[in-house]
There are 4 protein chains.
Amino acid sequence: MAQQRPRRRRAATHQAILDATRTLLRNAGYSQLSMDGIAAHAGVGKQTLYRWWPSKASVTAEAVVAGLIAAGREIIPDTGDISTDLRTWLHTCVALFVSPEHAPLIRALTAAAADDRGEAQRLYQHFTEPHQAAVVARLRLGINAGQVRPGADLAAAADAFVGALLLQLLTANESVSAERADGLLRLMLPGLLTDWAPHAQ
Amino acid sequence: MAQQRPRRRRAATHQAILDATRTLLRNAGYSQLSMDGIAAHAGVGKQTLYRWWPSKASVTAEAVVAGLIAAGREIIPDTGDISTDLRTWLHTCVALFVSPEHAPLIRALTAAAADDRGEAQRLYQHFTEPHQAAVVARLRLGINAGQVRPGADLAAAADAFVGALLLQLLTANESVSAERADGLLRLMLPGLLTDWAPHAQ
Amino acid sequence: MAQQRPRRRRAATHQAILDATRTLLRNAGYSQLSMDGIAAHAGVGKQTLYRWWPSKASVTAEAVVAGLIAAGREIIPDTGDISTDLRTWLHTCVALFVSPEHAPLIRALTAAAADDRGEAQRLYQHFTEPHQAAVVARLRLGINAGQVRPGADLAAAADAFVGALLLQLLTANESVSAERADGLLRLMLPGLLTDWAPHAQ
Amino acid sequence: MAQQRPRRRRAATHQAILDATRTLLRNAGYSQLSMDGIAAHAGVGKQTLYRWWPSKASVTAEAVVAGLIAAGREIIPDTGDISTDLRTWLHTCVALFVSPEHAPLIRALTAAAADDRGEAQRLYQHFTEPHQAAVVARLRLGINAGQVRPGADLAAAADAFVGALLLQLLTANESVSAERADGLLRLMLPGLLTDWAPHAQ
DNA sequence: CGGTAAGCGAGACGGTACGTCGTGTCTTTCG
DNA sequence: CGAAAGACACGACGTACCGTCTCGCTTACCG
């Protein structure tokens, strides 16, 4: 069997490509994005792109995910109070979806996933799933702490939060807002928590 | 003001285009869809496409929405029992998202909306918004009947249901399921209903 | 057999079409000319064009020939002196080929003839041939008058005069000139005339 | 100044395009010729055509000129006898104009020149002018040898020969013939030669 | 430390699709 | 009822990208 020498890849070039991709996505959207454009904007040969990524959806996915991960550090906190932590996390997400810097990237990610089922699968495994897993894990800690109902469908809850935000982003009526997120939280908490008192709400 | 004579358009041609678009979307996905392909498959000149629709996203939107509306008659029922009606509606939606006939169309619609903000806006006004309005209206009837809490953010609830399903569709892990939808419903009902008893749960 | 009602064609419309064709040809050349353009410019339905002419080459031919015939009345004079008459005729032709009004029309005619052999044939019969026949007839009178050599190939002479001008027009180097025509005439006269004296040459 | 690396073009592709162009011109004429058709017939992308030629007229010109040059080697001979040489050259030209292989190409060249003044200009400089210059040069040698009259307008003579042939080709009445060319030669020789005796004519 | 194989910028290439324009036919509407 | 208006099927236009393929040049590893 041939000795597979580890391929040497220039880090600066790699970074330049991801940066160019994000810049172009912010300016013009996913369908306007082109491999030629990325290559030109990054000052890179097209072959270099195709050496490392098989498709536009793929570069987009990596570029956007890298950008979002850099932005979304500390996915969900753990202060001991599940209700506060959920609210903090939700507001972090809202901030991301609202930011003029990141919203186009999320839209692009959605377009890539809607377009290409293979890329969607990969995205799910490397991005969506870990993210959701973190939220579910935090909720599971809440079950152990007696704050969260044991029988609750934790994955469904995580889906509902993120899905609602995404839907609002896509419908493009500028309605992704902290208020709406809080409304959703108020709806979900009674079903989620063991001892829910409608105190100051 | 000049009397704008209404442009006369051939109905059969119009229908053939929408049919061809849906067929091609089912077979190959949004990004594989081409105006050339639609025209050829519908036995129509390309100019006829561009005469009536400005873009691929636009034809896609009309074709898919027409298909979904035809499929989704009676958006949400009104039997008097809000809990049953919500479950019925959710299951109808799940059936749509799961159907091999309609799922690709919804993915295409999502791709079109993620791509083109103008089309997203139009889609929202002609499709998403009326749909959600119907659900919200049904919930409002529930408030009048004393079944639903008056303070609940009804639009947030509708977003959560549809958004969760959409997110599952996009992540492409075959997980859009009635079970997950029921799990979500169990989570939401306590926050939504005035008298919620955790009977069989 | 169906009673063939004699088709009544409106003279004003007919004229408007020919005028529009000439105008457009002068402004933009043969390949830029379009049936749509002619119809619009003449304030006429496209069907009216196709009712009377089968093709663009055809309208062009009729329009241009009509224009040239109107301009070139009295093809070749007969003063009794063949040498003078030939020079007069040649200068008339040069004036036509040089005129910014007619040169584009001649170019268009050439394009139409070079393109479409059928139209070329028709053009020859209705335009080139009668024109040449007139010149040949004038030369034949010269033979009778003893001024022209009996054995000369009269048609070849006519071809040479017109062909040389046409070639200069096509090569587009602005060289269609009276001087060049006179040079040609000086070359041909010795072979054409019975008593040629190289007086002022 | 930046060293302009010469663009590398594939010779086989270039040749395939010119061949395809000539083939299509022979089969269907200039206006039927299409860039799409050339590309398809040559097994080449359309962009490759547009990379190297700006227009249909341009490819046509290069293809035809290359074909004619290949066919018309030794434009005009020099045996010392100008009269014989002219006749030889004329008969070579007639053969070209009569050949079913080359006649459509010449017609196409004429159409291209009549259509597009820019291309006509380029054609003149790269094809017509050098060709005529060769004939004029041969005639000038005749002047030096005392065979040709010093005052004769040599360019006019060349124009007359070629123009007459072209005119006959365009009028499409199948009349391009050696006889007609000889008739023309007999007309021109007295004006061209110093000592012209009507011996065997 | 010099050879060599890879990564790399550049860009020509065979293709597909774009969105527009023109052709020639057909239908609808109006004067 | 004849002509304008214009929708329509068709197909070419010239452009933009796609993904593959050489070209030379640079760069790092290995013998």
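None of these values were measured; they are calculated from a predicted model. Numbered from 1 within each chain, the chains take letters A, B, ... in sequence-line order.
Under a cut-off of 6.0 angstrom, the local environment of CZ in B:Arg51 is crowded, with over 12 non-hydrogen atoms contributed by other residues, nucleotides or ligands.
In this entry the distance linking CG of A:Asp116 with C1' of F:dG19 reads 15 Å, nearest Å. Summarising the geometry, the separation between CG on C:Asp115 and C1' on E:dT23 is reported as 15 Å, rounded to the nearest angstrom. With rounding to whole Å, B:Arg10 atom CZ is found 8 Å from E:dT27 atom P.
Scored by the side chain to side chain donor-acceptor pair (under 3.5 Å) test, B:Gln125 finds no partners at all (sequence neighbours excluded). Taking B:Ala42 as the reference, B:Ala16, B:Ile17, B:Ala20, B:Val44 meet the side chain to side chain contact (heavy atoms under 4.5 Å, CB included) condition, with sequence neighbours excluded. Judged as a side chain to side chain contact (heavy atoms under 4.5 Å, CB included), and not counting sequence neighbours, the contacts of B:Ala103 are B:Arg107, B:Leu169. Every residue two or more places apart in sequence or in another chain was checked for a salt bridge (charged side-chain N to carboxylate O under 4.0 Å, His left out) with B:Glu62, and none qualifies.
The nearest heavy atom of DNA chain E to D:Arg9 and to A:Thr13 marks one nucleotide each, and the one closer to the 5' end goes with A:Thr13.
The nearest pair of heavy atoms linking C:Ala39 to C:Lys46 is CB-CG, 4.0 Å. When all heavy atoms of D:Leu170 and C:Ala120 are compared, the closest pair comes out as O-CB, 3.4 Å.
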Subject >> 5'-to-3' dot-bracket of DNA chain E (Watson-Crick, G-U; under 3.5 angstrom; crossing pairs as [ ]; | other strand) >> reply: |||||||||||||||||||||||||||||||
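Relative to the six-membered ring of D:Trp53, D:Arg9 meets both conditions, a distance below 6.0 Å and an angle of at most 45° to the axis.
If you check residues 30-59 of chain D against DNA chain F, the residues with a heavy atom closer than 4.0 Å are D:Ser34, D:Met35, D:Asp36, D:Lys46, D:Gln47, D:Tyr50, listed by number.
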